[in-house]
Student: 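Following this message is one structure expressed as structure tokens.
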Amino acid sequence: MALSKPSPEAGAGAEPPEFMVRAENVHKSFGRLEVLKGIDLEVRPGEVMVVVGPSGSGKSTFLRCINHLEKINGGRLWVNGHLVGYRQKGDRLHEMRDREVAAQRRDIGMVFQRFNLFPHMTALGNVMEAPVQVKGLPRAQVRKQAVQLLERVGLADKTDSYPSQLSGGQQQRVAIARALAMEPALMLFDEPTSALDPELVGEVLEVMKQLAVDGMTMIVVTHEIGFAREVGDSLVFMDGGVVVEKGRPRDIIDNPQHPRTQDFLSKVL
């Protein structure tokens with residue numbers, strides 16, 4: 001994979017990087033279908049970036065590229081100053097081994113549309129699993145932290161409940177607590193409320209709002225325009241695999257400049 005000019009954020013200096021996420025000319029294809037056609041984005045530490053756009057615009061694919069669930073075909077991605085999924089040797093990029101990629105993913109929490117909880121484990125067990133199995137932390141320590149995380153997402157009374165005993169909103173909040181259990185530097189949300197009944201959406205968004213208040217760096221793919229306006233620091237509108245428009249949420253929502261953005265927002269507001 002060919003390299004572009006090295007980025008200063010990719011260095012090994014002691015100072016934290018300027019950007020938590022940096023994408024340079026990111027391309028992704030599935031066979032002959034080009035889904036991402038050169039994405040350039042920057043997310044600063046503590047920033048909440050909201051990504052909106054029609055189905056098939058490449059939003060979810062871009063999120064999956066950030067933690068190397070999908071391999072990019074061109075360009076570069078950095079998270080927290082480190083190349084994602086690749087290492088540089090000379091003027092080439094070489095893909096990391098699966099074990100090394102898994103280690104990188106520890107710093108990136110991801111919450112999907114579907115909750116993907118282990119059905120045979122309680123809420124507490126789901127939250128404890130990764131810190132115990134992946135990080136090898138003592139169960140007593142992890143249990144204490146997991147209880148605190150479930151309290152944080154408003155589920156202190158559901159520690160011993162199984163997923164089948166929880167509502168969709170409660171399951172998604174367990175999924176958020178599970179992602180937070182790995183103490184990530186970055187949280188990715190892929191339409192986290194799209195599978196929920198309308199009356200359950202608010203409880204999940206409230207948890208996400210509190211994460212933003214607490215300073216968590218977040219990239220949120222969503223159709224919840226109210227959340228974007230209230231919580232987002234930046235808003236990106238994608239269509240056809242490209243970034244069509246980006247800026248402050250209120251500016252874009254209230255006064256979109258590109259005709260495609262205007263058309264999309266007229267249908268969702």
Side-chain angles (χ1 to χ4, degrees), residues 4-26 28 36 38-52 58-72 75-88 93 96 100-112 130 134-135 149 152 175-192 207-222 227-228 230-238 243 246-249 252:
S4 55
K5 183 178 178 181
S7 166
E9 284 79 22
E15 293 187 3
E18 181 179 1
F19 302 109
M20 179 62 71
V21 178
R22 182 169 183 176
E24 287 186 353
N25 196 30
V26 170
K28 174 61 184 178
L36 301 178
I39 302 295
D40 295 294
L41 284 177
E42 295 168 341
V43 183
R44 296 181 182 276
E47 179 179 344
V48 178
M49 174 178 282
V50 180
V51 184
V52 301
K59 311 182 300 296
S60 295
T61 297
F62 178 63
L63 275 196
R64 292 174 65 85
C65 288
I66 291 174
N67 63 2
H68 207 61
L69 288 175
E70 299 290 352
K71 303 173 185 178
I72 64 176
R76 285 178 142 200
L77 267 169
W78 292 266
V79 172
N80 210 14
H82 301 285
L83 278 170
V84 174
Y86 297 90
R87 67 164 54 83
Q88 179 179 341
L93 290 182
M96 290 181 174
E100 296 169 312
V101 173
Q104 284 190 327
R105 289 198 188 111
R106 295 178 188 177
D107 293 329
I108 307 172
M110 189 160 185
V111 177
F112 300 88
V134 178
K135 286 188 170 182
L149 284 171
R152 184 177 178 184
I176 293 172
R178 179 179 60 181
L180 293 174
M182 292 294 286
E183 300 182 320
L186 168 69
M187 284 285 285
L188 308 176
F189 293 86
D190 186 8
E191 299 192 27
V207 171
M208 295 169 63
K209 291 175 185 177
Q210 189 57 53
L211 289 179
V213 170
D214 294 342
M216 174 63 72
T217 310
M218 300 159 59
I219 303 178
V220 183
V221 170
T222 185
F227 175 87
E230 180 181 352
V231 182
D233 298 302
S234 59
L235 186 144
V236 171
F237 173 68
M238 287 181 63
V243 174
K246 58 184 174 181
R248 296 195 307 175
I252 294 179

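Heavy atoms only: backbone and side chains are in, while hydrogens, waters and symmetry mates are out.
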Student: Distance from Gln210 atom CD to Arg152 atom CZ, nearest 0.5 Å?
Tutor: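 Reported to 0.5 Å precision, the distance equals 7.5 Å.
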
Student: Which atom pair, heavy atoms only, marks the closest approach of Leu36 to Phe62?
Tutor: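 For Leu36 versus Phe62, the nearest heavy atoms are CD1-CA, 3.9 Å.
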
Student: Out of curiosity, Ile252 CD1 to Ser234 OG, how far, rounded to the nearest 0.5 Å?
Tutor: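 Going from the CD1 atom of Ile252 to the OG atom of Ser234 covers 8.5 Å.
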
Student: Do Met238 and Leu41 have side chains that get closer than 4.5 Å, going by heavy atoms?
Tutor: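 Met238 does not reach Leu41 side chain to side chain.
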
Student: Kindly indicate, with the supporting measurements, whether the criterion side-chain contact (heavy atoms from CB on, under 4.5 Å) is fulfilled by Glu191 and Lys59.
Tutor: CA-CA 10 Å; Glu191 299 192 27; Lys59 311 182 300 296; 4.0 Å; yes

Student: Restricting to non-hydrogen atoms, name the atom on Val21 and the atom on Ile66 that form the minimum distance, rounded to 0.1 Å.
Tutor: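 The answer is CG1-CD1, 4.4 Å.
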
Student: Any side-chain heavy atom of Arg64 within less than 4.5 Å of one from Lys28?
Tutor: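 No, every pair of side-chain atoms sits at 4.5 Å or beyond.
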
Student: Is the backbone N or O of Pro184 less than 3.5 Å from a side-chain atom of Asp107, with the two atoms forming a donor-acceptor pair by type?
Tutor: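 Side chain of Asp107 to backbone of Pro184: no pair is present.
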
Student: Roughly how far apart are Asp190 CG and Leu63 CG, rounded to 0.5 Å?
Tutor: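 Asp190 atom CG to Leu63 atom CG measures 5.5 Å (nearest 0.5 Å).
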
Student: If you count heavy atoms of other groups shown closer than 6.0 angstrom to NZ of Lys71, is the number above 12?
Tutor: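 Not more than 12 within 6.0 Å, no.
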
Student: Checking the side chain of Arg76 only, and the main-chain atoms of Glu24 only, is there a donor and an acceptor separated by less than 3.5 Å?
Tutor: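 The answer is no, because no donor-acceptor pair under 3.5 Å joins these two groups.
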
Student: Which is it for Thr222 and Phe189 under the side-chain contact (heavy atoms from CB on, under 4.5 Å) test, yes or no, and what are the steps along the way?
Tutor: CA-CA 8 Å; Thr222 185; Phe189 293 86; over 6 Å; no

Student: Are side-chain heavy atoms of Gln88 and Leu93 found at a separation under 4.5 Å?
Tutor: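 In contact.
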
Student: Would you mind reporting whether Ile176 and Leu211 have side-chain heavy atoms less than 4.5 Å apart?
Tutor: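 They are in contact (side-chain heavy atoms under 4.5 Å apart), so the answer is yes.
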
Student: Quick check: do Asp40 and Asn25 have side-chain heavy atoms less than 4.5 Å from each other?
Tutor: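 A side-chain contact under 4.5 Å exists here.
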
Student: Applying side-chain contact (heavy atoms from CB on, under 4.5 Å) to His68 and Met96, what does each step give before you reach the verdict?
Tutor: CA-CA 10 Å; His68 207 61; Met96 290 181 174; over 6 Å; no

Student: Holding to side-chain contact (heavy atoms from CB on, under 4.5 Å), I want the full list of residues that pass it with Asp233, two or more places apart in sequence or in another chain.
Tutor: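 Partners of Asp233 by the side-chain contact (heavy atoms from CB on, under 4.5 Å) criterion, ordered by chain and then number, come out as Glu47, Val48.
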
Student: Should Met187 and Leu180 count as side-chain neighbours, where that means a heavy-atom distance under 4.5 Å?
Tutor: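 Side chain of Met187 against side chain of Leu180, heavy atoms only: contact under 4.5 Å found.
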
Student: Are there over 12 heavy-atom neighbours, none belonging to Arg87, within less than 6.0 Å of that residue's CZ?
Tutor: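 Yes, the 6.0 Å shell around CZ holds more than 12 heavy atoms from other groups.
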
Student: Taking all non-hydrogen atoms of both residues, which atom of Met208 and which atom of Met218 are closest, and how far apart?
Tutor: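 Reported closest heavy-atom pair: O-CE, 3.7 Å.
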
Student: Restricting to non-hydrogen atoms, name the atom on Pro249 and the atom on Ala228 that form the minimum distance, rounded to 0.1 Å.
Tutor: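 Residues Pro249 and Ala228, closest heavy atoms: CB-O, 3.3 Å.
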
Student: Might you point out which heavy atoms bring Gly85 and Gln104 nearest each other, and give the distance in Å?
Tutor: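 What the structure gives for the nearest pair is N-OE1, 2.9 Å.
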
Student: Where is the tightest heavy-atom contact between Val26 and Ile72, given as atom of each residue plus distance?
Tutor: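 Reported closest heavy-atom pair: CG1-CG2, 3.7 Å.
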
